[in-house]
Engineer: 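Sharing a structure with you now.
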2 protein chains.
Amino acid sequence: MDNIGKILVVDDEADILEFISYNLKKEGYEVYTALNGKEALPIAKKTKPDLILLDVMMPVMDGIETCKRIKADSDFDQTYVVFLTARSEDYSEIEGLDAGADDYIAKPIKPKVLITRLNAILRRKIKEMAAPSIKVKDLFIDRESFLIYRGEQKIALARKEFELLFLLASKPGKVFTRENILEKVWGDEVLVVDRTIDVHIRKIREKLGDEYIGTVKGVGYKFEV
Amino acid sequence: MDNIGKILVVDDEADILEFISYNLKKEGYEVYTALNGKEALPIAKKTKPDLILLDVMMPVMDGIETCKRIKADSDFDQTYVVFLTARSEDYSEIEGLDAGADDYIAKPIKPKVLITRLNAILRRKIKEMAAPSIKVKDLFIDRESFLIYRGEQKIALARKEFELLFLLASKPGKVFTRENILEKVWGDEVLVVDRTIDVHIRKIREKLGDEYIGTVKGVGYKFEV
DNA sequence: ATTAATGTTATCTAATTGTTAAGCGGGCTG
DNA sequence: CAGCCCGCTTAACAATTAGATAACATTAAT
């Protein structure tokens, strides 16, 4: 299991803390914990987590206050904050998002849901931080503009087409299985038939030519080198 | 039949334990047993099994708790956990998978089903852990790209051909019987005549030359060293 | 020399992928 | 708000190719 990121979990109930911590570790995350906001800040400073999971209702320093302080600190520009809120207190949802939280998850927590959401959030983050452009063969694949440059020629791809090409081009020569592609381009909550990929491949080939994407029958697709 | 792996079986009913144990040993597995979770942990620590077969309902320490402890221990990152669950208690199926189990098998246990499932699981494991590429003689056999490199030359094999060559090359000099090959390349649900292998061998030789794969008449094939 | 095992070729089928077209829904513009 | 455009998905059909088998040829062992 690959190490995808660091997460700081903050909750005043020790058993919930352990429960979440256990599930995240299982998933391959590096997990830190704190029992309240006051405790959390210095830990966050030191460990620079990718994401902070923050209970709203806490003694000493509640989640909203903590979130505001975190968001005010430029050290944490790259840090996502996700609130844990009891289902009833939906008001805090709004207030929380006002405080700068990037998302929220309702208690009671189901491991599958938790993992799925966090994976999605962090995948988004990783994507944002990923190299903004790739140069392969005669192509310049540019995230900034979502355009493919071939010499002077500019070629526009639709978002999914772009993401798919970007993925393949990120490791030229490597074969990506359909499973692989669905997971990385579509995400966990995949609700598409894998044949959809074929159609996107077709459109990319139509726009760029057949020489870039190769088929490995029974396995998947790859960027030809 | 070659020794494919170590399995720890945990169940509180001695006769079930013996029944499973007997069937697994017959299949060539190295089998350890324990009567409950508490007993199982130290044994697991010592023997480092490839797979743990865990009854859910047990006194002293039940399967779910045991599973959680196992999964929390980084010593067992490479260990699969499979639950044994009574058919009625399907709820535990979900809970069990939440606890980190990799699969589950419903009681009552049929030996054939058990063996088939475990073989499948362990084969998957072995494949995942397998080196992604092999260098032998003047060949570089690369799973990433599904290509064979000979110097600058790239040679493409069909999937089955590739898998077959990969298998032989994974242990140069070792003779693989047809049985062996069918099991590893085709899987358990083999519904092919073993002469099919000959044809694939032929195609590989055609593409790479005759010097790589040797025939041991009456036994099988091997990668020549 | 006889026989069993393997090599080789050709053919068929089933699985996989390519391709086209149609439907749906969101967002934008007038 | 209506109407249109566009991106995404799926379904349906076509094309392709990997894979399986049978049939016949050849080889090696006793």
Engineer: Using the rule given for side chain to side chain donor-acceptor pair (under 3.5 Å), can you reason through Asn23(A) versus Tyr29(A), listing the C-alpha separation, both sets of side-chain angles and the distance that settles it, and then say yes or no?
Structural biologist: CA-CA 9 Å; Asn23(A) 278 288; Tyr29(A) 290 107; over 6 Å; no
Engineer: I want to confirm an ordering. Mapping Val199(B) and Arg178(B) to their closest nucleotides on DNA chain C, which one lands closer to the 5' end?
Structural biologist: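 First, find each residue's nearest nucleotide; the 5'-ward one identifies Arg178(B).
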Engineer: Among dA20(D), dG7(C), dT9(C), which nucleotide has an atom closest to any side-chain atom of Thr196(B)?
Structural biologist: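 Between dA20(D), dG7(C), dT9(C), the one nearest the side chain of Thr196(B) would be dA20(D).
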Engineer: Nearest to the side chain of Arg159(A), which nucleotide is it out of dC8(D), dG7(C), dG19(D)?
Structural biologist: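 Of the options given, the side chain of Arg159(A) lies nearest dC8(D).
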Engineer: Between dT16(C) atom P and Ile201(A) atom CD1, what is the distance in whole Å?
Structural biologist: 17 Å
Engineer: Do any N or O atoms of the protein come closer than 3.5 Å to N or O atoms of nucleotides 24-29 of chain C, and which pairs are they?
Structural biologist:
none

Engineer: How many Å lie between CD1 on Ile197(B) and P on dT21(D), as a whole number?
Structural biologist: 11 Å
Engineer: Check Glu211(B) with Lys137(B), please: is the shortest side-chain N to carboxylate O separation under 4.0 Å?
Structural biologist: no
Engineer: Can Arg159(B) and Glu163(B) be counted as an ion pair, charged N to O under 4.0 angstrom?
Structural biologist: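 The answer is no: the pair does not qualify as a salt bridge.
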Engineer: Among dT19(C), dT9(D), dG19(D), which nucleotide has an atom closest to any side-chain atom of Lys160(B)?
Structural biologist: dG19(D)
Engineer: So if I take every side-chain heavy atom of Tyr221(B) and compare against dG18(C), dG7(C), dC8(D), which nucleotide ends up nearest?
Structural biologist: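 That would be dG7(C).
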Engineer: Within the pair Arg202(A) and dT17(C), is there a side-chain N or O less than 4.0 Å away from OP1 or OP2?
Structural biologist: no
Engineer: Does Arg205(A) put a side-chain nitrogen or oxygen below 4.0 Å from OP1 or OP2 of dG18(C)?
Structural biologist: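 The answer is yes; a side-chain N or O of Arg205(A) sits under 4.0 Å from OP1 or OP2.
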Engineer: With sugar-phosphate meaning primed atoms plus P, OP1 and OP2, does Leu191(B) contact a base, only sugar-phosphate, or nothing at under 4.0 Å between heavy atoms?
Structural biologist: sugar-phosphate
Engineer: Between Trp186(A) and dC8(D), does any side-chain N or O lie under 4.0 Å from OP1 or OP2?
Structural biologist: no
Engineer: With a 3.5 Å distance limit and no angle check, can you tell me whether Lys184(A) reaches the backbone of Leu167(A) through a side-chain donor-acceptor pair?
Structural biologist: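 No; zero donor-acceptor contacts below 3.5 Å.
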Engineer: Could you give the CG-to-C1' distance, from Asp194(B) to dT21(D), as a whole number of Å?
Structural biologist: 12 Å
Engineer: Find which nucleotide of DNA chain D each of Lys207(A) and Val192(A) is nearest to by heavy atoms, and output the residue with the more 5' nucleotide.
Structural biologist: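 Upstream on the strand: Lys207(A).
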Engineer: Check the distance between dC8(D)'s P and Arg195(A)'s CZ and give it to me in whole angstrom.
Structural biologist: 18 Å
Engineer: Which heavy atom of Ile20(B) sits nearest to which heavy atom of Ile109(B), and what is that distance?
Structural biologist: CD1-CD1, 3.6 Å
Engineer: Can you tell me if His200(B) touches the phosphate of dA18(D), counting only side-chain N or O atoms and a distance under 4.0 Å to OP1 or OP2?
Structural biologist: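 For dA18(D), OP1/OP2 do not have a side-chain N/O of His200(B) under 4.0 Å.
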Engineer: Figure out the CG/P separation between Leu165(B) and dG19(D), and round it to whole Å.
Structural biologist: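 Going from CG in Leu165(B) over to P in dG19(D) covers 14 Å.
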Engineer: Take the protein atom CD1 of Ile181(A) and the nucleotide atom C1' of dT17(C), then report the distance between them rounded to whole Å.
Structural biologist: 13 Å
Engineer: Do Arg202(A) and Asp198(A) make a side-chain contact, defined as non-hydrogen atoms from C-beta onward lying under 4.5 Å apart?
Structural biologist: no
Engineer: What integer distance in Å separates Lys203(B):NZ from dT9(C):P?
Structural biologist: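 Going from NZ in Lys203(B) over to P in dT9(C) covers 12 Å.
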Engineer: Once salt bridge (charged side-chain N to carboxylate O under 4.0 Å, His left out) is applied, do any residues pair with Glu144(B), and if so which ones, sequence neighbours excluded?
Structural biologist: Lys171(A)
Engineer: Can you figure out which of dT9(C), dT6(C), dT9(D) approaches the side chain of Asp198(B) most closely?
Structural biologist: dT6(C)
Engineer: What is the distance, to the nearest angstrom, from the CG atom on Leu164(A) to the P atom on dC8(D)?
Structural biologist: 11 Å
Engineer: Identify which nucleotide among dT6(C), dG19(D), dG18(C) has an atom closest to any side-chain atom of Ala158(B), counting heavy atoms from C-beta outward.
Structural biologist: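 Selected nucleotide (nearest to the side chain): dG19(D).
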Engineer: Closest to the Lys217(A) side chain: dT16(C), dT10(D), dT6(C)?
Structural biologist: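 For the Lys217(A) side chain, the nearest candidate turns out to be dT16(C).
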Engineer: Please name the pair of heavy atoms, one in Phe166(B) and one in Ile134(B), separated by the smallest distance, quoted to 0.1 Å.
Structural biologist: O-CD1, 3.6 Å
Engineer: Is the phosphate of dG7(C), meaning OP1 or OP2, less than 4.0 Å from a side-chain N or O of Thr215(B)?
Structural biologist: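 Result: yes.
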